Q: 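Submitted below is the structure of interest, expressed as structure tokens.
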Amino acid sequence: MSIFPYKRNIDFPNGFSAQAIESDIETEPKSIFECLDLEVLPKAVIPISGGATHFPPEIFVRIRPLMKAVVELAFERQIMLVDGGTKQGVMEIVGDLFRKARVAQKDLSYPPLVGFVPEFKISYPGASTKERDPQPSELDPNHPYFVLIHGAYRWGEEVKCMFGLVNYLSFSLPSVALIVNGGLTTLLEVVYSIQQNRQIIVFDGTHRVAKVICSALDGASNDYLISILKGIDPVNPVSKNDIDDALLRLDQIKNYQGITRFNLGQPIEELIELVLSKLSMIE
């Protein structure tokens, strides 16, 4: 009989405490959601998929005000945000903005921000020293909720659980996916949203996977798409198998009618209007 899920607290050095759900890759989404024991029940769900490492500094600066608007919208409309939960890239941006919004309203109540991570791949206060990646990523200390997936030993293996929860909630709540920059795991997350018939907004101009998606939508040749894919990770060469898998996912993506681009040069107000329209939450 599985011991999962169960709940624990993680106390971070910055003074914030997070609720962590210990789970495994087979845990039912309903059980995870019930174990979260949220103070504020969401009225919509926004999964945010994007770059952790290799996030260009100039894009980091330009994406921050856009993510600030998304976080403020989440507080205003009680929207659950779901992401990768590490102190890197777009997740770190979202976490920092979430903390500031939370402090501004004196912690009275706040919507859930839930980070999904493979437990083996991360470090956090109180983590077991057993079965730990020798070079773990840090949990973002500003996320109030985490789901720590046991039995997942590579990045990407947590995605099934993450989108299992998003899909479970999407049966009764509107949802829209945001794609910012990203690596190969982001392509997998996009395919999950397609399979779950979710509207998707891609931030055009944020490079890497966002660029390869927009290029595929423009009808670019496979040779051109491969040239982008080969440069996605400047540290670890992308294998032929990874490229073949990515091209298959891009075939699904370019034929999907539910993808909308948002250019970094567009006004913030247009982003909010676009997100609300995809959520059918325009009053």
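Computed from a predicted model, the values in this text were never measured in an experiment.
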Q: Consider only side-chain heavy atoms of I, L, V, M, F, W and Y, link residues closer than 4.5 Å, and tell whether M162 and V191 are in one cluster.
A: no

Q: Taking side chain as C-beta onward, heavy atoms only, is E58 less than 4.5 Å from V61?
A: no

Q: Do you know the tightest heavy-atom contact between A152 and I25?
A: CB-CG2, 4.2 Å

Q: Over 60° means perpendicular and under 30° means parallel, so classify the ring planes of Y110 and Y145, tilted if in between.
A: tilted

Q: Between R198 and S170, is any pair of side-chain heavy atoms under 4.5 Å apart?
A: yes

Q: Does the side chain to side chain contact (heavy atoms under 4.5 Å, CB included) test come out yes or no for I243 and K230, once each step is laid out?
A: CA-CA 8 Å; I243 289 176; K230 285 182 175 179; 3.8 Å; yes

Q: In Å, rounded to the nearest 0.5 Å, how long is the span from NZ of K30 to CG of L165?
A: 12.5 Å

Q: When you check the gap from the basic side-chain N to the acidic O, do R132 and E119 get nearer than 4.0 Å?
A: yes

Q: Mind listing the closest non-hydrogen atom pair of T186 and V209 along with its distance?
A: CG2-CG1, 3.9 Å

Q: To the closest 0.5 Å, what do you measure between CG (L97) and CD (E92)?
A: 10.5 Å

Q: Do you know which two heavy atoms are closest between T53 and R208, and how far apart they sit?
A: O-NH1, 3.2 Å

Q: Heavy atoms, side chains only, cut-off 4.5 Å: are L169 and V82 in contact?
A: no

Q: I179 pairs by side-chain contact (heavy atoms from CB on, under 4.5 Å) with which of I259, T206, I213?
A: I213

Q: Determine yes or no for a side-chain-to-main-chain donor-acceptor pair under 3.5 angstrom, with D218 supplying the side chain and A220 the backbone.
A: no

Q: Can you list everything that forms a side-chain hydrogen bond (donor to acceptor under 3.5 Å, both in side chains) with K43? Sequence neighbours excluded, please.
A: none

Q: Do L225 and S215 have side-chain heavy atoms sitting under 4.5 Å apart?
A: yes

Q: Could I get the full list of salt bridge (charged side-chain N to carboxylate O under 4.0 Å, His left out) partners for K121, not counting sequence neighbours?
A: D133

Q: Would C214 and V202 count as a side chain to side chain contact (heavy atoms under 4.5 Å, CB included) here? Give the steps.
A: CA-CA 8 Å; C214 291; V202 179; 4.0 Å; yes

Q: Compare every heavy atom of G51 with every heavy atom of N181, then report the nearest pair and how far apart it is.
A: OD1-CA, 3.4 Å

Q: Which atom pairs, donor and acceptor, lie under 3.5 Å between side-chain atoms of residues 269-279 and protein residues at least two apart or in another chain?
A:
from	atom 1	to	atom 2	distance (Å)
E270	OE1	Q266	NE2	2.8
S277	OG	E273	O	3.3
S277	OG	L274	O	2.7
K278	NZ	Q199	OE1	3.2
K278	NZ	T260	OG1	3.1

Q: Would you say K7 has more than 12 foreign heavy atoms packed within less than 6.0 Å of its NZ?
A: yes

Q: Nearest 0.5 angstrom please: K68 NZ to L66 CG, how far?
A: 11.5 Å

Q: Which residues pass the side-chain hydrogen bond (donor to acceptor under 3.5 Å, both in side chains) test with D251, sequence neighbours left out?
A: K254

Q: Is there a path of hydrophobic side-chain contacts, each under 4.5 Å between heavy atoms, that joins L248 and L188?
A: no

Q: Kindly give the heavy-atom pair with the smallest separation between I232 and L184, and that separation in Å.
A: CD1-CD2, 4.3 Å

Q: Can you list every salt bridge (Lys or Arg N to Asp or Glu O under 4.0 Å) pair that touches residues 140-167, not counting sequence neighbours?
A: R154-E157

Q: Among residues at least two apart in sequence or on other chains, which ones pass side-chain hydrogen bond (donor to acceptor under 3.5 Å, both in side chains) with S128?
A: none

Q: Heavy-atom distance under 4.5 Å between the side chains of Y256 and I200, does that happen here?
A: yes

Q: Looking at side-chain heavy atoms only, is the closest gap between I253 and L187 below 4.5 Å?
A: yes

Q: Indicate yes or no: at least one non-hydrogen side-chain atom of M80 is less than 4.5 angstrom from one of L173.
A: no

Q: Residues in ring pair (Phe, Tyr, Trp, His ring centres under 6.0 Å) with F262, at least two apart?
A: F203

Q: When you check the gap from the basic side-chain N to the acidic O, do R249 and D245 get nearer than 4.0 Å?
A: no

Q: Would I228 end up clustered with V180 when hydrophobic side chains under 4.5 Å apart are linked, directly or stepwise?
A: no

Q: Looking at every non-hydrogen atom in both residues, tell me the closest pair between N142 and G95 and how far apart they are.
A: CB-O, 3.0 Å

Q: Other hydrophobic cluster members with W155, side-chain heavy atoms of Ile/Leu/Val/Met/Phe/Trp/Tyr under 4.5 Å, chained?
A: I10, F12, V117, I122, Y124, L139, F146, L148

Q: Please list, chain by chain and in numerical order, all residues satisfying salt bridge (charged side-chain N to carboxylate O under 4.0 Å, His left out) with R62, sequence neighbours excluded.
A: none

Q: Before giving the answer on side chain to side chain contact (heavy atoms under 4.5 Å, CB included), spell out for H143 and D83 the whole-Å C-alpha distance, their side-chain angles and the decisive distance to 0.1 Å.
A: CA-CA 10 Å; H143 279 57; D83 66 11; 2.9 Å; yes

Q: Please name all residues satisfying salt bridge (charged side-chain N to carboxylate O under 4.0 Å, His left out) with E138, sequence neighbours left out, ordered by chain then number.
A: none

Q: Can you tell me if D24 and T27 form a side-chain donor-acceptor pair at under 3.5 Å?
A: yes

Q: Among residues at least two apart in sequence or on other chains, which ones pass salt bridge (charged side-chain N to carboxylate O under 4.0 Å, His left out) with D204?
A: R261

Q: Please check if I268 and M67 belong to a single hydrophobic cluster, counting links between Ile, Leu, Val, Met, Phe, Trp and Tyr side chain heavy atoms closer than 4.5 Å.
A: yes

Q: Enumerate the residue pairs fulfilling ring pair (Phe, Tyr, Trp, His ring centres under 6.0 Å) with a member in residues 159-197, sequence neighbours excluded, ordered by first and then second residue.
A: F163-Y192

Q: Are the side chain of R77 and the backbone of M281 linked by a donor-acceptor contact shorter than 3.5 Å?
A: yes

Q: Linking I/L/V/M/F/W/Y whenever their side-chain heavy atoms sit closer than 4.5 Å, directly or via other members, would I201 and L264 fall into one cluster?
A: yes

Q: Report yes if some heavy atom in the side chain of C35 is under 4.5 Å from a heavy atom in the side chain of F4; otherwise report no.
A: no

